[in-house]
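Working notes, beginning with the structure itself.
We're numbering straight along the sequence, starting at 1. We count ligands from 1, going down the list as the structure has it; atoms in each ligand are counted the same way.
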Amino acid sequence: MTFYIITLFPEYFASALNCGQLKKAREKGLIKFIFINPRDFTEDKHKTVDDKPYGGGAGMVMMLPPLDRALQQTPQNSYKILLSPKGKLFSQEKAKILAKQKDIVLICGRYEGIDARLEEMYSLDVLSVGDYVLNGGESAALNIIEAISRLLPGFMSKEESFKEDSFFNDILEYPHYTRPEEYKGYKVPQVLLSGHHSKILKWKRQKSLEITLKNRPELLIKTYLNQEDREFLKKLPKRELGKNLYLTLLHYPVLDKFKKVSTTSLTNLDIHDISRVSCTYGLGGYFLVTPLQDQQKLAKRLLEHWTKGPSSKLNTDRARALELVEVAANLDEVVEKIKLKTGQPPVLIATSAREGEISFLKIRKLLESKPVLLILGTGHGLAKEILKKADFIIQPICFGRKYNHLSVRSAAAIMVDRILGEFW
Ligand SMILES: C[S@@+](CC[C@H](N)C(=O)[O-])C[C@H]1O[C@@H](n2cnc3c(N)ncnc32)[C@H](O)[C@@H]1O
């Protein structure tokens with residue numbers, strides 16, 4: 001594989017490419033590096049490679065002509081990468097794909113970056129190595145060179161070593177230990193000394209899952225988890241963020257189809273389905289709000305039937321879900337009940353299909369320290385007085401489309417899932 005590195009600072013690479021495994025791989029002829037300096041392709045006596053940005057702004061921009069001429073020195077069908085914090089995130093998955101290429105060009109930016117027209121002129125894959133800003137693309141290019149090279153056949157002494165690496169199977173690698181068996185009282189886990197192959201494999205898998213859950217829980221969504229993995233993960237201590245989240249479904253004051261404030265009737269499905277969502281995600285509680293006494297009575301009768309009456313034994317799962325439901329006459333009563341339970345008034349978050357100002361992620365953050373009450377409306381949505389009373393209005397669920405007419409049950413489920421996601 002040949003790497004063509006377009007850089008204003010070829011000397012940056014000198015030590016990195018001349019030691020360890022990269023040096024060996026070069027000597028074996030597995031990888032080759034060709035440096036092209038855009039400064040060698042300038043036409044003025046000062047060898048100018050940068051200029052002020054059009055439209056103003058801080059810093060300088062790398063000019064197009066020297067970069068274009070530098071790129072013309074690379075093979076036409078080479079895979080051309082532009083390093084930029086604005087690019088797609090580079091990953092092990094990407095490294096695996098790139099390891100199949102013959103010629104890779106890495107364009108290292110400096111200053112504020114390069115003239116954007118270079119991307120239009122060439123088909124460039126714009127890649128970032130992380131959500132931070134470096135002085136230049138050189139260290140990012142080195143990251144990519146190392147990640148790709150170690151996947152090339154013959155680079156490592158044992159191919160398996162990279163197959164067990166972090167990310168190769170989407171999750172993080174288990175911890176390693178070596179001699180001595182004990183150091184200052186710190187011991188190597190007994191199982192690794194047992195010689196019991198299947199037990200060691202199981203331990204390694206579980207440690208991988210544990211470390212991933214602790215440091216990079218979002219990776220667990222990417223990987224396939226079998227029944228044994230899921231059972232193991234369930235047993236690990238987890239942050240019960242859901243406990244701080246409460247739902248309330250208001251039947252007053254809500255809007256009717258003429259946008260007038262009115263009262264709606266309870267709906268069996270809303271009671272059952274939202275309580276099941278609440279139970280699945282481990283929420284603190286679900287409050288039905290109606291000022292009508294006959295409706296309150298009806299709700300209480302229904303709840304008794306499922307939680308204490310004959311159905312409680314026939315359908316214990318349903319009983320568990322409906323045990324989370326309480327009835328209240330108005331929003332203030334709900335707030336009081338939560339205050340009593342948690343010692344703090346909840347942050348009030350109203351829901352609306354139209355407006356919104358707080359993201360799902362911010363609500364998740366709030367849950368780390370406070371109870372949060374998500375206020376759901378029936379009819380044609382919550383009345384203005386509730387929207388005004390709320391501390392925030394949650395961003396609507398619209399999936400980037402105009403149509404977003406969801407039932408309150410579906411909206412509740414999606415919102416709770418977007419706030420809490422998987423249990424990690
Ligand atoms: C100071 S940075 C320019 C940052 C640019 N103004 C921005 O905010 O997107 C200069 C050069 O460093 C490289 N660079 C900086 N951070 C990077 C990252 N996270 N991944 C890849 N390249 C990066 C790019 O080549 C970039 O053109």
Side-chain angles (χ1 to χ4, degrees), residues 1-17 22 31 33-42 46-74 78-99 101 103-151 165-167 172 215-216 218-219 222 361:
M1 179 179 281
T2 307
F3 291 100
Y4 294 83
I5 304 173
I6 302 197
T7 173
L8 294 174
F9 299 104
E11 65 273 24
Y12 191 98
F13 295 83
S15 74
L17 303 182
L22 280 179
I31 46 175
F33 298 96
I34 294 177
F35 293 95
I36 305 167
N37 191 338
R39 213 175 280 286
D40 297 337
F41 298 93
T42 49
H46 298 295
K47 293 186 175 287
T48 311
V49 287
D50 59 323
D51 208 337
K52 283 185 252 164
Y54 280 120
M60 301 293 271
V61 176
M62 284 179 77
M63 293 159 74
L64 206 45
L67 281 169
D68 176 34
R69 288 181 210 121
L71 270 173
Q72 280 169 22
Q73 310 302 307
T74 64
S78 53
Y79 194 94
K80 297 177 182 64
I81 296 170
L82 169 66
L83 283 322
S84 165
K86 289 178 277 207
K88 292 192 189 128
L89 213 52
F90 179 64
S91 62
Q92 187 69 19
E93 227 170 306
K94 186 76 188 185
K96 278 192 227 172
I97 297 168
L98 292 177
Q101 293 293 328
D103 297 308
I104 292 183
V105 179
L106 295 157
I107 308 164
C108 307
R110 279 274 156 176
Y111 317 117
E112 279 314 308
I114 64 160
D115 189 314
R117 286 170 293 180
L118 195 73
E119 281 180 57
E120 291 170 42
M121 291 176 67
Y122 292 89
S123 153
L124 302 180
D125 193 2
V126 187
L127 295 181
S128 163
V129 292
D131 294 339
Y132 41 79
V133 177
L134 304 162
N135 288 336
E138 286 74 12
S139 62
L142 274 173
N143 268 249
I144 291 180
I145 290 166
E146 284 211 8
I148 296 173
S149 302
R150 57 189 279 114
L151 299 179
D165 274 349
S166 295
F167 308 112
L172 307 180
N215 296 340
R216 299 289 307 279
E218 74 282 7
L219 293 177
K222 279 174 67 181
L361 217 70

N/O donor-acceptor pair under 3.5 Å between T42 side chain and R39 backbone: yes
statement: for atom 15 (C) of ligand 1, nearest protein heavy atom and its distance come out as L134 N, 3.2 Å
field: Polar contact flag for L83 and ligand 1 (N/O pairs, less than 3.5 Å)
entry: yes
task: Could you list the atoms of ligand 1 found under 4.0 angstrom from a heavy atom of G137?
output: 12 (O), 13 (C), 25 (O)
task: Ignoring hydrogens and angles, tell me if any N or O in the side chain of T48 forms a donor-acceptor pair with the backbone of D50 under 3.5 Å.
output: no
- prompt: When rounded to the nearest 0.5 angstrom, what distance separates CD1 in I145 from CZ in F13?
  reply: 5.5 Å
query: Does S78 use its side chain to pair, donor to acceptor, with the backbone of K80 at less than 3.5 Å?
result: no
task: Check if F90 has a non-hydrogen atom at a distance under 4.0 Å from any atom of ligand 1.
output: no
query: At a 4.0 Å threshold, what atoms of ligand 1 neighbour a non-hydrogen atom of V133?
result: 1 (C), 2 (S), 4 (C), 16 (N)
field: Identity of the nearest option to atom 11 (C) of ligand 1, non-hydrogen atoms only, from G109, S128, G113
entry: G109
query: Below 4.0 angstrom, N of the basic side chain to O of the carboxylate: do K222 and E93 qualify?
result: yes
query: Does L127 reach ligand 1, in the sense of a heavy atom lying below 4.0 Å from it?
result: yes
field: N135, portion touching ligand 1 at heavy-atom distance under 4.0 Å
entry: backbone
message: Below 4.0 Å, non-hydrogen atoms only: which portion of A140 touches ligand 1? Side chain, backbone, both or neither.
response: side chain
G130 N/O to ligand 1 N/O under 3.5 Å: yes
query: Should L134 and V129 be marked as a side chain to side chain contact (heavy atoms under 4.5 Å, CB included) after you check the CA-CA gap, both sets of side-chain angles, and the distance that decides it?
result: CA-CA 10 Å; L134 304 162; V129 292; 4.1 Å; yes
- prompt: Where does E112 meet ligand 1, judged by heavy-atom distances below 4.0 Å: at the side chain, the backbone, both, or neither?
  reply: both
query: Quick one: are R110 and F9 in side-chain contact, heavy atoms under 4.5 Å?
result: yes
message: I need the nearest protein heavy-atom contact for atom 23 (C) of ligand 1: residue, atom name and distance, please.
response: P85 CD, 3.6 Å
- prompt: Could E119 and R117 be called an ion pair, given the rule that one side-chain N must be under 4.0 Å from one carboxylate O?
  reply: no
message: Return the closest protein heavy atom for atom 20 (N) of ligand 1 as residue, atom name and distance.
response: V129 N, 3.0 Å
- line: for atom 22 (N) of ligand 1, nearest protein heavy atom and its distance come out as S84 N, 3.4 Å
message: Evaluate I81 against I107 for side chain to side chain contact (heavy atoms under 4.5 Å, CB included), listing each step before the verdict.
response: CA-CA 6 Å; I81 296 170; I107 308 164; over 6 Å; no
statement: among protein heavy atoms, the one nearest atom 19 (N) of ligand 1 is Y132 O, 2.8 Å
- prompt: So, E120 side chain and A116 main chain: donor-acceptor pair closer than 3.5 Å or not?
  reply: no
query: What are the atoms of ligand 1, with element, lying closer than 4.0 Å to any heavy atom of Y111?
result: 1 (C), 2 (S), 3 (C), 10 (C)
